[in-house]
Amino acid sequence: MTEPTLFAKSGFLRLRLNLAYDGTNFSGWGKQPDRRTVQNELESALQKLTRVPVDTVVAGRTDAGVHATGQVIHVDIPELEIGPYSKKDHWNIDELPYRLNRILDEDIRVLAASIAPPGFHARFSALRRHYVYKILDANRVILPLRRFDIAPWYRPLHLDLLNESSKLLLGENDFAAFCKFREGSTTIRTLETFSWTRNDEGCLVATVVADAFCYSMVRNLVGAVVCVADGRFPSEWIADVLNNRQRISDSLVFPSRGLTLTQVDYPPEEELLTRIAATLRRRGEQSENEVEG
């Protein structure tokens, strides 16, 4: 694993940006040639302001169609603002969200900008990521304005069965059965919360919290527990799938549109470097165990 850059180099300033976006018309977070992605759009806007190439680092790489209300990134920019309309002075950080939002399309918004504390790394110093997933079951009609963040399901789902089966997945596990394979990536994660409620609109809302997530993991987990909640399998089937580590069928994976990244947690400033070291050490140990196994 490549060692992360923990500090901005001389003459540069590390910023933390909080983002929200509607993922409907994006091919995910990460840069891809000839595709519209959140990272492409954001880095283009940043480059227009800073007049230098920039590289952003994100807390969680959302898939195509997945939304965010609490995404976090960091980016290193020149300490001084240089340009025809600047006074060659330090950046006014408070103005950056407004200036970036004037450049960006309306499906991405910069919510806040701040100078990152020393050692802040959007990905490796994060403690956990929070997602929600929304389903409207029993083939009920989704209102047009809500169609972008609620997934439909044609069968009625039992709330108690959703929670019963979801509990079986909590803790540190190898979630290989619920992740798309990526070369060199571990599938060991600690799932801290996986619980369901039914809101006032009648939607089933899952709260899913983990130290990190594998590619497509949340949508795989949702699809699996729905198989229990609509009566196709008993709750014990979930434990068998987890333990056997045999990937579930793609036909069970739920759509992106119901999924939103809502929050990323970080430790206090004085613990950032310790958290990075722990994250890298743990992932290194997990990768070694994969090779040995």
Side-chain angles (χ1 to χ4, degrees), residues 18-30 32 35-39 58-73 107-109 111 123 126 128-137 142-143 145-154 157 159 162-163 165-166 169-170 175 177-180 182 185 187 189-199 201-230 238 247-265:
N18 289 33
L19 309 176
Y21 46 85
D22 172 359
T24 305
N25 295 317
F26 290 104
S27 297
W29 164 266
Q32 299 179 53
R35 288 183 178 270
R36 185 172 185 257
T37 72
V38 182
Q39 187 176 25
V58 71
R61 292 171 61 92
T62 48
D63 299 342
V66 176
H67 316 298
T69 58
Q71 181 68 279
V72 179
I73 68 133
D107 50 2
I108 310 178
R109 294 292 86 176
L111 304 177
R123 178 184 177 193
R128 61 188 65 85
R129 287 85 172 163
H130 300 243
Y131 282 87
V132 299
Y133 197 96
K134 300 175 188 173
I135 301 173
L136 191 62
D137 60 339
I142 296 175
L143 295 176
L145 289 178
R146 301 305 309 276
R147 71 190 187 278
F148 296 119
D149 74 336
I150 298 174
W153 191 243
Y154 60 98
L157 298 175
L159 180 62
L162 282 171
N163 281 311
S165 53
S166 295
L169 296 164
L170 296 177
F175 287 95
F178 303 97
C179 302
K180 288 189 176 180
R182 280 187 167 178
S185 297
T187 51
R189 296 288 187 268
T190 301
L191 186 61
E192 300 179 10
T193 303
F194 190 14
S195 62
W196 294 81
T197 59
R198 195 179 287 276
N199 67 16
E201 298 175 311
C203 285
L204 290 159
V205 181
T207 299
V208 194
V209 182
D211 59 342
F213 290 90
C214 310
Y215 179 44
S216 197
M217 177 174 161
V218 177
R219 295 188 291 124
N220 279 265
L221 293 174
V222 168
V225 298
V226 163
C227 288
V228 174
D230 67 10
I238 292 288
R247 171 130 168 83
I248 65 171
S249 169
D250 285 340
S251 65
L252 301 182
V253 181
F254 259 59
S256 300
R257 78 191 217 189
L259 184 59
T260 302
L261 172 64
T262 60
Q263 182 177 321
V264 184
D265 295 339

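Hydrogens, waters and symmetry mates are skipped; everything else that's a heavy atom, side chains included, is used.
A donor-acceptor pair under 3.5 Å is formed between the side chain of Arg219 and the backbone N or O of Phe254. Without hydrogens or angle criteria, Arg257 side chain to Ile150 main chain gives a donor-acceptor distance under 3.5 Å. Of the possible donor and acceptor atoms, one in the side chain of Asp211 sits under 3.5 Å from a partner among the backbone N and O of Thr190. Side-chain atoms of Gln71 do not come within 3.5 Å of backbone N or O of Tyr21 as any donor-acceptor pair. Ser256 places a side-chain N or O within donor-acceptor distance of the main-chain N or O of Ala64, the cut-off being under 3.5 Å.
Inter-residue side-chain proximity for Asp230 and Trp153 is flagged as met; some heavy-atom pair is nearer than 4.5 Å. Taking 4.5 Å as the limit, every side-chain heavy atom of Asn18 sits out of range of all side-chain heavy atoms of Val264. Inter-residue side-chain proximity for Arg198 and Asp137 is flagged as met; some heavy-atom pair is nearer than 4.5 Å. Contact annotation: the side chain of Thr193 never approaches that of His130 to less than 4.5 Å [non-hydrogen atoms, C-beta and beyond]. Using a 4.5 Å cut-off on side-chain heavy atoms (C-beta onward), Ile238 and Leu169 make contact. The closest side-chain heavy-atom distance from Leu143 to Leu145 is not below 4.5 Å.
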Fill in: side chain to side chain contact (heavy atoms under 4.5 Å, CB included) evaluation trace for Ile135 with Trp196
CA-CA 10 Å; Ile135 301 173; Trp196 294 81; 3.8 Å; yes

Item to complete: Go through Ile73 and Trp29 one step at a time and tell me if the side chain to side chain contact (heavy atoms under 4.5 Å, CB included) criterion holds.
Response: CA-CA 11 Å; Ile73 68 133; Trp29 164 266; 3.5 Å; yes

Item to complete: Kindly indicate, with the supporting measurements, whether the criterion side chain to side chain contact (heavy atoms under 4.5 Å, CB included) is fulfilled by Asp107 and Phe26.
Response: CA-CA 9 Å; Asp107 50 2; Phe26 290 104; 3.5 Å; yes

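Heavy atoms only, all atoms of each residue included: Ala59 and Arg129 are closest at O-NH2, 2.8 Å. Looking at every heavy atom in both residues, Phe178 comes nearest to Ala224 through CE2-CB, 3.6 Å. Nearest heavy atoms, Gly23 versus His67: N-ND1, 2.8 Å. Residues Asn25 and Arg36 approach most closely at O-NH1, 3.4 Å, considering heavy atoms. Considering every non-hydrogen atom in both Val225 and Ser166, the closest pair reads CG1-OG, 3.7 Å. Heavy atoms only, all atoms of each residue included: Cys203 and Leu136 are closest at SG-CD1, 4.0 Å.
Residue Thr197 holds its OG1 atom at 7.5 Å from CG of Leu159, rounded to the nearest 0.5 Å.
Within 6.0 Å of the CZ atom in Arg35, the count of heavy atoms belonging to other residues, nucleotides or ligands does not exceed 12.
Remark: Arg146 engages Glu201 in a salt bridge, criterion side-chain N to carboxylate O under 4.0 Å.
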